Structure formats: structure tokens, C-alpha cells
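Only heavy atoms go into these numbers, but all of them, side chains included; no hydrogens, no water, no symmetry mates. Keep in mind it's a predicted model, so treat the numbers as computed, not measured. Chain naming here is simple, since letters A, B, ... match the order of the sequence lines and numbering starts at 1 in each.
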Amino acid sequence: MSVIWAIIRKDFQMEFRTKESITAMWIFSLLIFVIFNFTFEISRLLLLQISGGLLWVAFIFSGMLGLNRSFQVEKENGNLRGLSLTPADPGLIYFGKFLSTTFFMLIFEALIFPLFIIFYDIQLSLVTLWIIPISILGTLGFTSLGTILSAVAIHTKQQQILLSLLLWPLITPIIIWAVKTTGDVLSGELSAAFQPVMVRMLVFDVIFTTISYLLFEYVVQE
Amino acid sequence: MSQPVIVAENLRKEFGRVVALRGVSFQVEAGAFFTIFGRNGAGKSTLLSIISGMASATDGNIRVFGEDPAERTHRHKLSVISHESFLYDNLTALENLSFYGKLYQVADLNDRMHDVLHQVGLHHRRFDLVRTFSRGMVQRLTIARAILHNPDLFLLDEPFTGLDQHATEMLIGLMEALKSQGKTILLTTHDLQIGLRLSSRFMILERQRVVETGSVEGLTEEMLRRKYFSLISSGEAGQ
Ligand SMILES: Nc1ncnc2c1ncn2[C@@H]1O[C@H](COP(=O)(O)OP(=O)(O)OP(=O)(O)O)[C@@H](O)[C@H]1O
Ligand SMILES: [Mg+2]
């Protein structure tokens, strides 16, 4: 436990100091919202239909920025190697990085969501609260895979390209589910498929977190 | 007699078609200062990463403290210093030590951190970000990080790279202190003079093989130099 906590604490210390990731993520999301709000003349109905996708584009692309940053600092001075030379269990190191990127993304999502509501004039209701579990499940799916693939990518030269090549196909299902359920929530009415899709997301998270946890040890070996 | 700290038998390492070690065997006794000389590409770093458990050998047998280093059971007894600092640029010196101290579960971490910072002469800069440090100061903090958990075995891969005369002397002094505390030290270097001055035993790697091993007793720098250059073939590096 103390290993996980030490890593999370360290990552947040560095981020609060530099604010590199949060600034980049914030600007990026703002740009997406602005472009889609003012560039395209779209009907209110269409906007509601695509807004779920729009929100997740902002979440995932800024998540990519955060993830890249989070592993850039582990690469700069061979830090990931330094971590794996300690007696700390590689699985716990994985959880530390996984949770620190997850918390970070969730905090960011919580900041960006109100902005999104205002930009697109979304009607709020009790149903809107479902966005919280959806964000958590979707984000966990993204970061569980993103964390282990970033560690894989550290050993290769074309880090970012490899990361996207591996990551995108794998996270496609959970992104589709997240967009779908978010669409339901934003329209104010949950469809019949809502619950089963939520369960699928949960299963996806559990499976990929477990696999990544078990595989992390082999990833950090050279 | 006590069990040797490192026993390597016929280690072979291949990276695809490149062979980094071709059957390397040697032993390091507890408390020895063992230096590995060799040119660029001789296989020194590869050998050290197998000993540290970071890489696995393609073939052969390696035992560190009587166990396979990949098993991670003796990580707390081991420390590595290489050209990589393992430090975080956007943390202060103290925060870096505190982070690694927690991962190594160092007892009385607070006292220990101040202790090692004094030892490397960085205590007055403890609240400064590593980003603002000079190359030599980074290396000093790297050393502080390496001794923080009081390990028994040091793997030092060309630790003098980038140090000025003053920092080099400090590091040599520290190594001598570690040696007198009975720590086992494995050093790789191109610098015959420093290697000879510090070590009790040495080994020369050439073309990924051991071509010489022995005690430094009675050996002068001139003799070592002659031996070294007669054993390594001139010309291109490595293969
Ligand atoms: N990760 C790797 N992938 C492919 N080949 C490698 C890798 N690491 C080392 N090698 C090869 O193995 C051989 C030995 O390399 P090693 O780094 O162990 O040499 P060295 O003695 O440490 O050299 P130097 O003095 O330059 O540090 C070289 O031919 C090198 O190209
Ligand atoms: Mg080397």
C-alpha cells in the first residue's frame, strides 16, 4: 500500500509544481468544445446525439496527453528502471501509476464537465448524475491499458506512435460503450441497453486491470 | 570461508543477432572491490544488468547472494549507479530521497536522508529542485540515493562519467569508505588508474569474453596498462 501511495503522491507533487499536463489538457479540451460549437452549424437534436462522443473525445485525447506526460517523467532519467530495481512489487508499481493517472484524469474530467454543460446548454436532471459512474468506468478502462502499454512503449524509440497503435484498437470497445451510455444520460432518458452496457464496462475494467497487473513484471524486464 | 556474493557461470546474452556476452564466468567474494575493465561494447553494462536482475541471461547461471537475481528477494541489499540518475527533475533533493526511501522501506528515513545529504555535501540544497542542479550535483544526489538504504552490494557502471576532479575525488573517497565498511563493490570503468587504485581484484572483458582475471596485488599501473593493451585488439569497438 505504501508503495502505491508513494507513487501517487510523487506524481501529484510534480504535477502541482509544473502544471504541465493540466494546462495542455485544459487547452486541448477547450479547443475541441469551441471548434464544435462555433464551426459547425448543427441542429440542437444532432448536437445532443453527438455530444456524448464529443465529451469522450475531450476526455480521451487529454487523457493521452496526461498519460504520455506521466510516463515521460519515468523515462527521462531511467526512473522506471530505478523503480524496478527497488524491492517494491512490480504489481504495486503498476497500481501506483495506474491510480495516479486515473485520479488525475478524473479530477480533470470533473473540471471540464461543467464547462461542457455550459457550452452545449445541456439540461440537467437527476439522470445526469449517472455521468459519474460512467466516467469512472470509462476512465479506468482507458488508464488500465494505457498504463501498461506506456510502460511497454518506454523501451522503444517511437514511443508515442507505438502507444497509439497498441492502445486505440484495445480501448475501442469501452470508448464506444462510454459514448453510448453518456449519450443516454445527456438526452435525459436511459435506454434499455444502458444497464447491460454498464456491466460490460465494469467487466472490461476488471479483466484488463488484472491482466495488466499480472503482466507488468515482465514489461519492465529488458 | 563465506559464500561468494556473485557467482556467474557461462553467462551468455543475445539481443537478436547481436551477442553481448559469450560465456562469462567469474566470482566476487563478500567484501571484495572488483573492477571490470573493457572497451565500449565489451559487455560490461549487460553483465551488470544481469547481476541486478534487470535483464535475464540467454544461457548460463547467475547467483547473487545465493539466489537468482530475477527473484527480487535481495533487492534491498543491492544498489546500482549508472549514467542514469533515476531521479525526478521536478522533485527536490529531499523529495527524491523520501520517495525512494519509502520504496526501500528505509527505517528512520528522516534521519537517514539528512545523513546521506551531509555525506555527499548537498544538505544545503535539499529543498531545491533537481532540475536546477549541475551535472555533478545530480551525480552526488544519485550517490545519496544509492547509499540511502544501506545496501551490501554496489553495482557501479562507469560512475565517474561527467564528474569534475573534485566530485571524482569525493566519489573515490566514498567508495573507499564503503570498502572499509565491508561492502562488496563491482565497478566497471575504462579508467585503469582509478580502477587499479580502488580494487582488490579485476577482470578484463574483451569481445564479450573474460580474457583476464586476477588480483591487483603487486600490480603497477604500467604493468596493468601493458597487459590491457596486449589483450584488447586495436581498432573498431565492440564486436
Ligand atoms: N538493448 C540492447 N539491444 C541490442 N544490443 C545491445 C543492447 N544492449 C547492449 N547491446 C549490445 O551488446 C554489446 C555489449 O554492450 P554493453 O552495453 O554491455 O557494452 P559495455 O561494455 O557496457 O560498453 P560501454 O563501455 O560503451 O558502456 C554491444 O555490442 C551492444 O551493441
Ligand atoms: Mg556500458
For this session: Between chain A and each of B/K102, B/Q105, B/H74, B/R72, count heavy-atom pairs under 4.5 Å; write down the option with the most.
Result: B/R72
Seminar exercise, completed: Most heavy-atom pairs under 4.5 Å with chain A, out of B/L129, B/N90, B/V138, B/T73, belong to B/N90
Exercise. Do A/K97 and A/F71 meet the cation-pi criteria used here (NZ or CZ under 6.0 Å from the six-membered ring centre, within 45° of the axis)?
Worked result: yes
Exercise. Is any side-chain N of the basic residue among B/E67 and B/K77 closer than 4.0 Å to the acidic one's carboxylate O?
Worked result: no
Exercise. Under a 4.5 Å heavy-atom cut-off, does chain B meet the side chain of A/I7, its backbone, both or neither?
Worked result: both
Exercise. According to the interplanar angle, ranging from 0 to 90°, do the rings of B/Y104 and B/H149 count as parallel (below 30°), tilted (30 to 60°) or perpendicular (above 60°)?
Worked result: parallel
Problem set entry | Option in B/N96, B/T142, B/D89 with maximal non-hydrogen atom pairs under 4.5 Å from chain A | B/D89
Problem set entry | Verdict with supporting geometry, A/E15 and A/R17, salt bridge (charged side-chain N to carboxylate O under 4.0 Å, His left out) | CA-CA 5 Å; A/E15 181 53 34; A/R17 195 156 280 147; over 6 Å; no
Exercise. Most heavy-atom pairs under 4.5 angstrom with chain B, which of A/L83, A/L80, A/V73?
Worked result: A/L83
For this session: Starting from the C-alpha separation in whole Å, work towards a yes-or-no answer on salt bridge (charged side-chain N to carboxylate O under 4.0 Å, His left out) for B/E95 and B/R126.
Result: CA-CA 9 Å; B/E95 285 165 351; B/R126 64 190 177 284; over 6 Å; no
Problem set entry | chain B contact via A/T18 - which portion, at a heavy-atom distance below 4.5 Å | side chain
